[in-house]
2 protein chains.
Amino acid sequence: MSHRGPVHRRSTPLEEEDPRVVRTRQAVREAVRSLVQRAGFEAVSHQKVAAEAGIGRATVYRHWPKRTDLLLDAIAEIEAPRDWQTSGDLATDLARGLERLQRTLSSSPLVPELVALIGRAEWDAELRETKAALLAAGTAGLRQALEAAIERRELPADHDLDTTIARLAGPLFYRRVLAHAPLDDAFVTTIITAYIHEVSHQD
Amino acid sequence: MSHRGPVHRRSTPLEEEDPRVVRTRQAVREAVRSLVQRAGFEAVSHQKVAAEAGIGRATVYRHWPKRTDLLLDAIAEIEAPRDWQTSGDLATDLARGLERLQRTLSSSPLVPELVALIGRAEWDAELRETKAALLAAGTAGLRQALEAAIERRELPADHDLDTTIARLAGPLFYRRVLAHAPLDDAFVTTIITAYIHEVSHQD
DNA sequence: GTACTTTGATACAGTATGTTTCGCAAGTCC
DNA sequence: GGACTTGCGAAACATACTGTATCAAAGTAC
C-alpha cells in the first residue's frame, strides 16, 4: 500500500500513478459531487457524469462499471476523528461528540442524499458496508466518550453503548432528516443534560 | 368524499366508480407494492408496473403520469390512529404511542424505502408534503399523549412537544433504519422510563 | 340497444444504456 | 530523444426505456 520509490516495473500495475488516470478520477469525482448537490443521486448516470466532467463516456464506464461505483466514490470523504482524547469528564466528551455530529449533519448538503442511499442499502450489500462505516465514523466520538467513562468507572461496565448512542444521536438524525427542523444548540444541550442527569442520579 | 348512493349522473365524473378503473387502481397498487418489496422504489417504472400488473402501459401513464404518482399511491396506507384517547397516565400513553411506532417500524418492509423517499424529498415538493404527513401520522400518538399531559398540568404548558417527540421517536428510527438493530421492548422501555423519570424528578 | 368510457395493442420518435472498435495523444522507460 | 505502452475519446452499434398518439375492441350505464 505504501509508495514504491522511483524504481518500479510496469509489470505490476497495482498502483494507479498514471497522471492521466489521476486526472480522470479527480474530474469524475468532482462532477459527481456537483451533480448530486444540484439534482440528487438519482440524477447521476454515466452519461451525465461524462458530460459534466468533460470526458468520454467510455472512460467513465472503464473506471466505474456500475452506477453504484460512482456514488460510493463521491462519499469517501467522511472520516472518523483521529485525534480524539478524553477530557476526563463525560458531559464534556459527549458534548464534543454530539456537536461534531451536529455540525456534520447541519453543514453537509449531502445528508439527505446519504439517507436516501442508506435506504437503498437494503438491496445492495456493498452499500450496506458503506452505511455501517459512515455511521461508525459519525458516532465514533460518542462511542469513545462513553468507553472512556466506563474505563473511569463513571458508567457501569455493562452499559449498553449501542442503546445509548441511539438515544443520543437518534434525535439529531430525526430532527435533521425527518422533521427538517433546525439542529440548534439548545436541542443538543437538552439531550446531553438529560442523559448526564440520568446516569448521575441513578436510584 | 362520501358514497353517493345508487342514483348518479355520468355528467359529474368527479368520483371514480367505473369498475374498470377500480380494477386498474387495485392491480397497479398491488404491482407497485410487490415490485418495491422485491427490488426497491428504484425498480418501479411505468413499464415494469404495467408488466407486473398485467395491464397496458398506456393505462398506467393515463392514471399516474409521473413516476412519483406511482410511489405515493403505494404509501397511502399509513394512517394516524383515529380512536386515540388518554389513559390518564403519561407513562402509559407514551408507551402506547411508542409501541405503535415500534410495531410500524418493525413490521413494514417498506420502511427503508420510505426513508429513501424521504431523502429524495429534498428535490421534490410533493414528496415533502407526503413526508410531513407520514411523520405526523406516525407520531400522532406521542403528540396526543403529551398534549393530554399538559392538559392535566402534568407537564408545563410550554413543554416543547417537537423536541420531546424527536427525543422519543428519534432513537427508534435510528435503530431501525441506520443501525439496523432490533427494536426490542427493552429498548423502548428504556427510553420511556428515562423520560418519565426526567419529567417527574425535576430539580 | 345506444351512447359513452376505459382499455390495451401497436406504432412512433427521442433518449439512455452498455459495449466494442480504433486512431491519437499522453506517459513511461532507457 | 526514440521506442514502447497505456489511457483517452469519438463513433458506431444493438438494445432498452420513455412518453405520446391512434384506434379498434371491450366494458359500463341506462
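Chain letters run A, B, ... following the sequence lines, proteins first, then strands; residues in each count from 1. Predicted model, so just to flag it, every value in this text is computed and none were measured.
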*Would you please test A:K131 and A:E126 for salt bridge (charged side-chain N to carboxylate O under 4.0 Å, His left out) and show each step?*
CA-CA 9 Å; A:K131 172 178 94 166; A:E126 221 174 328; over 6 Å; no
_Output the rounded distance in Å from CD (A:E42) to P (C:dT17)._
12 Å
*Keeping the roles fixed (side chain from B:R176, backbone from B:P182), state whether a donor-acceptor pair exists under 3.5 Å.*
no
*asked:* Of the options C:dG27, C:dT7, D:dG9, whose atoms approach the side-chain atoms of A:P19 most closely?
replied: C:dG27
_Counting only side-chain nitrogens and oxygens, does A:H63 get under 4.0 Å of the OP1 or OP2 atom of D:dC8?_
yes
_Taking the minimum atom-to-atom distance to the side chain of B:D18, which one of D:dG7, D:dT28, C:dG8 wins?_
D:dT28
*side-chain contact (heavy atoms from CB on, under 4.5 Å) with A:F41: which of A:L71, A:T68, A:L70, A:L35?*
A:L71
*To the nearest Å, how far apart are A:L70 CG and C:dG18 C1'?*
13 Å
*Examine the base of C:dT6 for any acceptor or donor lying under 3.5 Å from a partner atom in the side chain of B:R62, and report the outcome as yes or no.*
no
_Rounded to whole Å, please give me the gap between CD1 in A:I55 and P in D:dC8._
8 Å
*Salt-bridged, A:R167 to A:E198, with N to O below 4.0 Å?*
yes
_For B:R23, is there an ion pair with B:D18 - N to carboxylate O distance below 4.0 angstrom?_
no
*For A:T24 and D:dG7, is the shortest distance between a side-chain N/O and OP1 or OP2 below 4.0 Å?*
no
*How many Å lie between CG on A:D69 and P on C:dG18, as a whole number?*
11 Å
Listing, residues 89-96 of chain A side-chain donor-acceptor contacts under 3.5 Å, not counting sequence neighbours, or none:
{"residue": "A:D89", "atom": "OD2", "partner": "A:T92", "partner atom": "N", "Å": "3.1"}
{"residue": "A:D89", "atom": "OD2", "partner": "A:T92", "partner atom": "OG1", "Å": "2.6"}
{"residue": "A:D93", "atom": "OD1", "partner": "A:S87", "partner atom": "N", "Å": "2.9"}
{"residue": "A:D93", "atom": "OD1", "partner": "A:S87", "partner atom": "OG", "Å": "2.8"}
{"residue": "A:D93", "atom": "OD2", "partner": "A:T86", "partner atom": "OG1", "Å": "2.5"}
{"residue": "A:R96", "atom": "NH1", "partner": "A:Q85", "partner atom": "O", "Å": "3.3"}
{"residue": "A:R96", "atom": "NH2", "partner": "A:Q85", "partner atom": "O", "Å": "3.2"}

*Summarise protein proximity over nucleotides 12-21 of chain D in one line of letters, 5' to 3': B for base, S for sugar-phosphate only, - for none, counting protein heavy atoms closer than 4.0 Å.*
B----SBBBB
*Please confirm whether any donor atom in the side chain of B:R20 sits under 3.5 Å from an acceptor in the base of D:dG27, or the reverse.*
yes
